[in-house]
*Asks:* 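Please see the structure below; I have some questions.
Along the sequence shown, residues are numbered consecutively beginning with 1. All of these numbers come straight from a predicted model, not from anything done at the bench.
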Amino acid sequence: MQLRVHKNAVTSVDVSTRRPLGNYLLDSGKISDDNIERALRLQREQPEQEKIGSILLKLGLVSERDVSESLSSQLDLAVVSSNQYPEQSVQVSRISGTFLKKRKAVVLDEDDDALTLAIADPLDDYAIHALELCSGKPVIVRIGVPSEIDAALLALDENAGGVSATSGRMSTQFLDDVEQLKELAGEAPIIRLVNQIIVEAAESGASDIHIEPFEGKLIVRCRVDGLLRETRSPPVECAAAVISRIKIMANLNIAERRLSQDGRFRHRVRGIEYDFRVSTVPTMHGESVVMRLLQRDQEVQTFEALGFSAQQTATMHEILAMPHGTLLVTGPTGSGKSTTLYAALSHLNDPQRMIITVEDPVEYNIPGINQMQVKPQIGLTFANALRSIVRQDPDVIMIGEMRDGETAQIAVQSALTGHLVLSTLHTNDAPGSIMRMIDMGVQDYLLTSAVNAIQAQRLVRKLCEACKQDYEPIPELISRWRLDELTSQNPIRLYRATGCKKCGNSGFTGRTAILEILRFSDAIRQLVLSSADASSIRKLAIAEGMQPMREDGFCKVLAGITTLEEVLRVTPESEE
């Protein structure tokens, strides 16, 4: 049988005349020279030399997509995107589905002239020639990301009404078999699928990964810049195996699905090490898993880099210069409180000070600071840790979070005995933190003596500089939010998000803080002692010069940093 030659067909590729794959990874900035040398050294030590891309993947120095895109540059072949895989299997006579799974290939299309194939290894001449012989047609080769090929094959099996070798074993009859779950979670397609979810989340700058089972589907969402985005979700048949794989990585009990569990693990993505905090909760359709991503050895930012104005930075420096007392940073979960505390610690860190922190978890490693991780399972709680570290003669104590009255009492006592105490609290605004501390059992006279200042904050998304568009707001909008009182611009110009390739069509890149700082004056202390409410304290603080959080946000709106909608979305309604 003589094959017809298609103009785009690729029957074999000669790589001897092309630059090594590592050079393309270096050119794209995906890897360093040292890491290439490390991988080459490991390759030389192997009896049968493994491909350099495979070694780099196993070391966690690059992602699967990095390797695929570099192969694309090396071989002049296109990379298949996840939405290009067919929803229904392309029926090609005499081609075994088992063969395609083994060679990691998906037939994308077939016409009278050629067969279009996505394959993880475009240098697999055996698979390409075999498909040419089976189909009687030339093969047009495209490069597929391995985990996306696995997911596409599973989806094709599901849509065909059948099951693959892996998913067929994921029926409910096996869900109570722990050994079966371990076996499923240890299979290569599931490992690659979980790794790809993690890699895509890390590369998109996500702070959390949500894996949520619902009736008939498994949804994967990532929190990027504070908002959840749904990503490509694996077939629902994979749910038990995917969740079991994550629980094994976090050293959790995979047999326990009736109770919530918490764990953690470390994972390297493109040479960067991450800590993952894992939380599982039982739901109607299975276990819901949330993974928090924390980049290890990340550089601690300054107040200015976090979005503090020059005046706010100077105020924070004045507060931190006090020899004793308490600084509270407040806000809801995910508002950047810990990052602000680390900026404060970085400012205070010098050889003349003894600084100890009690955290859960330790998010940033700062040289020169003694950082302690709480372990409630052995009785090392915030309160117990605080009792111990006050005997270590510290100058500065940082408490990751005031979770209960006992911790708050010890923190206040530490501040009254000559220590500078930094901590966080979950409240909506700065004045509300005073009421919260009193509710936790701290006497008002101790509170007024111990607290120097309370800073409340939120995070807003920053406009993409490449695509943001300015516009002139209507007079009613300016009047409603009194924007004309905050600027001398005439006319006032605001900005809106549009979206481009650089920002992933979201219109935003990164986040910045908006905040308010309440300093305790004698008048504020007198109000607290007279049991005044938070509203009265707020009015006095503003009269004494405190800039409200929403007003700080409006200043960033007028500066073109964010949008009016973003500020209104995150700030408390009480500030209207």
Side-chain angles (χ1 to χ4, degrees), residues 25 29-32 34-36 38-39 42 50 53-69 145-148 150-151 181-182 184-212 218 220-224 228-229 231-234 238-254 261-280 287-299 334 338 359-365 371 373 375:
L25 289 166
K30 304 295 185 182
I31 201 168
S32 66
D34 292 341
N35 287 328
I36 285 286
R38 176 185 173 193
L42 290 172
E50 189 177 358
S54 177
I55 295 174
L56 291 169
L57 280 171
K58 288 181 179 178
L59 292 173
L61 299 174
V62 294
S63 69
E64 288 182 335
R65 182 160 289 279
D66 291 338
V67 174
S68 297
E69 289 175 351
V145 178
S147 60
E148 292 180 357
D150 290 333
L181 280 174
K182 286 182 180 178
L184 290 174
E187 290 187 350
I190 297 300
I191 293 174
R192 278 192 292 269
L193 184 57
V194 171
N195 286 347
Q196 188 64 23
I197 290 172
I198 289 173
V199 168
E200 289 178 356
E203 289 181 341
S204 66
S207 60
D208 301 88
I209 304 171
H210 294 243
I211 301 176
E212 304 159 308
L218 179 66
V220 178
R221 298 189 292 173
C222 295
R223 189 176 296 279
V224 180
L228 285 170
R229 300 179 185 175
T231 64
R232 176 179 50 83
S233 299
C238 298
V242 167
I243 292 170
S244 295
R245 172 63 186 166
I246 295 170
K247 291 173 74 174
I248 288 171
M249 294 171 73
N251 199 27
L252 300 178
N253 182 2
I254 65 171
Q261 295 187 70
D262 295 296
R264 63 190 65 208
F265 65 91
R266 290 182 183 177
H267 191 79
R268 187 175 291 274
V269 179
R270 287 181 51 183
I272 300 173
E273 193 168 27
Y274 288 83
D275 278 333
F276 288 79
R277 285 188 288 172
V278 180
S279 171
T280 70
E287 288 181 284
S288 175
V289 176
V290 176
M291 293 186 283
R292 167 66 59 90
L293 286 70
L294 299 170
Q295 184 177 328
R296 292 179 60 82
D297 302 323
Q298 188 174 0
E299 184 178 350
S338 296
E359 307 172 58
D360 184 24
V362 175
E363 297 185 18
Y364 299 87
N365 295 316
Q371 296 174 269
Q373 168 76 53
K375 297 178 181 178

*Asks:* Please check: side-chain N/O of Thr280 versus main-chain N/O of Gln261, any donor-acceptor pairing under 3.5 Å?
*Replies:*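 Side chain of Thr280 to backbone of Gln261: a pair is present.
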*Asks:* If you apply the rule salt bridge (charged side-chain N to carboxylate O under 4.0 Å, His left out), what do you find for Arg264 with Asp360, and how did you get there?
*Replies:* CA-CA 12 Å; Arg264 63 190 65 208; Asp360 184 24; 3.6 Å; yes
*Asks:* Quick check for you: to the nearest 0.5 Å, what is the distance between Leu25 atom CG and Glu69 atom CD?
*Replies:*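 So the CG of Leu25 and the CD of Glu69 are separated by 10.0 Å.
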*Asks:* Listed by chain and number, what are the side chain to side chain donor-acceptor pair (under 3.5 Å) partners of Ser204, not counting sequence neighbours?
*Replies:*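 Ser204 satisfies side chain to side chain donor-acceptor pair (under 3.5 Å) with no residue once adjacent residues are dropped.
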*Asks:* For a side chain to side chain donor-acceptor pair (under 3.5 Å) with Ser147, tell me which candidate from Glu200, Gln196, Arg192 qualifies.
*Replies:*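 Between Ser147 and the candidates, side chain to side chain donor-acceptor pair (under 3.5 Å) is satisfied uniquely by Gln196.
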*Asks:* Can you check whether Ile211 reaches Met291 side chain to side chain, under 4.5 Å on heavy atoms?
*Replies:*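 A side-chain contact exists here, since the closest heavy-atom pair is under 4.5 Å.
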*Asks:* For Phe276 and His267, take the angle between the two ring planes, folded into 0 to 90°, and tell me which bin it lands in: parallel under 30, tilted 30 to 60, perpendicular over 60.
*Replies:*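 Judged by the thresholds at 30° and 60°, the geometry between Phe276 and His267 is perpendicular.
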*Asks:* Please examine the side chains of Arg38 and Leu61, heavy atoms only from C-beta on, and report whether any two atoms are closer than 4.5 Å.
*Replies:*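 Result yes, sub-4.5 Å side-chain heavy-atom pair found.
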*Asks:* What are the two closest heavy atoms between Asn35 and Leu56, and how far apart are they?
*Replies:*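 Closest pair (atom of Asn35, atom of Leu56, distance): O-CD2, 4.2 Å.
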*Asks:* Out of curiosity, Leu193 CG to Glu148 CD, how far, rounded to the nearest 0.5 Å?
*Replies:*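 Reported value, rounded in 0.5 Å steps: 10.5 Å.
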*Asks:* side-chain contact (heavy atoms from CB on, under 4.5 Å), that's the test. Do Leu294 and Arg277 meet it? Break it down for me.
*Replies:* CA-CA 8 Å; Leu294 299 170; Arg277 285 188 288 172; 3.7 Å; yes
*Asks:* Identify the heavy atoms of Ala239 and Leu218 that sit nearest to each other, and give their distance.
*Replies:*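 It is CA-CD2, 3.7 Å.
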*Asks:* Would you compute the distance between atom CZ of Phe265 and atom CG of Leu252 and round it to the nearest 0.5 angstrom?
*Replies:*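 Reported to 0.5 Å precision, the distance equals 10.0 Å.
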*Asks:* Nearest 0.5 Å, what's the CG-OG distance between Leu293 and Ser207?
*Replies:*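 Leu293 CG to Ser207 OG: 7.5 Å, rounded to 0.5 Å.
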*Asks:* Would you name the heavy atoms of Ile198 and Ile209 that are closest together and state the gap between them?
*Replies:*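 Reported closest heavy-atom pair: CA-CD1, 4.1 Å.
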*Asks:* If every non-hydrogen atom of Ala240 is compared with every non-hydrogen atom of Ser244, which pair is closest and at what distance?
*Replies:*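 Looking at all heavy atoms of both residues, the closest pair is O-OG, 2.7 Å.
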*Asks:* Near Asp262 CG, under 6.0 Å, is it more than 12 heavy atoms from other residues, nucleotides or ligands?
*Replies:*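 Check passes, neighbour count above 12.
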*Asks:* Could you verify whether a donor N or O on one side chain and an acceptor N or O on the other, from Glu203 and Ser63, lie under 3.5 Å apart?
*Replies:*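 Yes, Ser63 and Glu203 have a side-chain donor paired with an acceptor closer than 3.5 Å.
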*Asks:* Considering non-hydrogen atoms only, spot the tightest contact between Asp150 and Pro189 and give its length.
*Replies:*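 It is OD2-CA, 3.8 Å.
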*Asks:* State, yes or no, whether a side-chain contact exists between Leu57 and Val62 at a heavy-atom distance under 4.5 Å.
*Replies:*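 Result yes, sub-4.5 Å side-chain heavy-atom pair found.
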*Asks:* Using modelled atom types only, decide if a donor and an acceptor are shared between the side chain of Glu287 and the backbone of Ile243 within a distance under 3.5 Å.
*Replies:*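 No, the answer is negative, given that no donor and acceptor are paired below the 3.5 Å cut-off.
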*Asks:* Do Gln295 and Ile272 have side chains that approach each other closer than 4.5 Å (heavy atoms only, starting at C-beta)?
*Replies:*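 A side-chain contact under 4.5 Å exists here.
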*Asks:* Is the shortest side-chain heavy-atom distance between Met249 and Val194 below 4.5 Å?
*Replies:*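 The answer is yes, as the side chains (C-beta and beyond) meet within the 4.5 Å cut-off.
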*Asks:* Between CZ of Arg266 and CG of Asp275, what distance do you get to the nearest 0.5 Å?
*Replies:*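 The distance works out to 5.0 Å.
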*Asks:* How many angstroms lie between CD1 in Ile254 and NZ in Lys247, if you round to the nearest 0.5 Å?
*Replies:*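 The CD1 atom of Ile254 sits 7.0 Å away from the NZ atom of Lys247.
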